[in-house]
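To keep things clear, I will list the structure first and then write my remarks on it.
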Amino acid sequence: QMRLVESGGGLVQAGGSLTLSCTGSGGSGFSLGDWVVAWFRQAPGKGREGVSSISDGDGKTWYEDSAKGRFTISRDKSKNTVYLKMNDLKPEDTAIYYCAASYYSGSYYYPTANQFSDWGQGTQVTVSS
């Protein structure tokens with residue numbers, strides 16, 4: 001069974017930056033690079049929304065409109081880790097951020113929560129104005 005662990009959240013002022021990490025582990029032969037990985041976020045009183053994702057294989061990426069130009073997703077296959085670099089953070093980016101993995105290659109494009117089978121515990125990002 002896969003385990004995903006997020007880190008890197010915290011409190012930052014508007015305009016600041018954070019880099020979130022999602023590290024996966026599993027049984028013998030496990031490689032997070034074989035999975036689509038997405039970042040979702042959930043703000044208080046709101047549903048869980050996809051922010052960015054990266055495909056397996058050639059690493060195609062997808063970004064939600066508000067993340068385009070500010071966030072960058074990347075992966076280091078040797079470390080079984082996916083990163084989300086977030087620049088120019090805004091108070092509306094405040095949420096719990098979750099990483100999730102899916103074995104369905106098509107799920108990288110406009111990811112929805114029900115496509116993802118494995119989830120991390122989440123990391124809090126708070127942006128002050």
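As a basis for the values below, the full set of heavy atoms in this structure was taken, side chains included, without hydrogen atoms, waters or symmetry mates. Position 1 is the first residue of the sequence; numbering continues from there.
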Measure the shortest side-chain to side-chain distance between [X] and [Y] over non-hydrogen atoms and say whether it is less than 4.5 angstrom.
| X | Y | result |
| --- | --- | --- |
| I54 | V36 | no |
| T72 | L84 | no |
| V37 | R75 | yes |
| F71 | S52 | no |
| S17 | K85 | yes |

Atom NZ of K60: over 12 foreign heavy atoms under 6.0 Å
yes
With hydrophobic residues grouped by side-chain heavy-atom distances under 4.5 Å, do [X] and [Y] end up in a single group?
| X | Y | result |
| --- | --- | --- |
| L20 | V127 | yes |
| Y63 | F40 | no |
| M86 | V51 | yes |
| Y108 | I73 | no |

What are the two closest heavy atoms between [X] and [Y], and how far apart are they?
| X | Y | answer |
| --- | --- | --- |
| V5 | R3 | CG2-CZ, 3.7 Å |
| W119 | A113 | CZ2-O, 3.6 Å |
| G59 | S55 | N-OG, 3.3 Å |
| A14 | S129 | CB-CA, 4.4 Å |
| M2 | L4 | SD-CD2, 3.6 Å |
| A95 | A43 | CB-N, 3.8 Å |

Examine distances only and state if a side-chain atom of [X] and a backbone atom of [Y] form a donor-acceptor pair shorter than 3.5 Å.
| X | Y | answer |
| --- | --- | --- |
| N80 | L32 | yes |
| E6 | Q121 | yes |
| S102 | Q115 | yes |
| T81 | K79 | yes |

So side-chain hydrogen bond (donor to acceptor under 3.5 Å, both in side chains) across residues 38-51, not counting sequence neighbours, yields R41-E49, R41-S66, R41-D93, R41-Y97, Q42-R48
Which label fits W62 and Y110: parallel for a plane angle under 30°, tilted from 30 to 60°, or perpendicular past 60°?
perpendicular
Decide if the gap between the ring center of Y103 and the ring center of W35 is smaller than 6.0 angstrom.
yes
Measuring centre to centre across the rings, with the benzene-like ring taken for any Trp, is F116 within less than 6.0 Å of Y104?
no
Under 3.5 Å, is there a donor on one side chain and an acceptor on the other for T94 and T126?
no
Side-chain donor-acceptor pair under 3.5 Å between S105 and D56, yes or no?
yes
Nearest 0.5 angstrom please: Y83 OH to C22 SG, how far?
10.5 Å
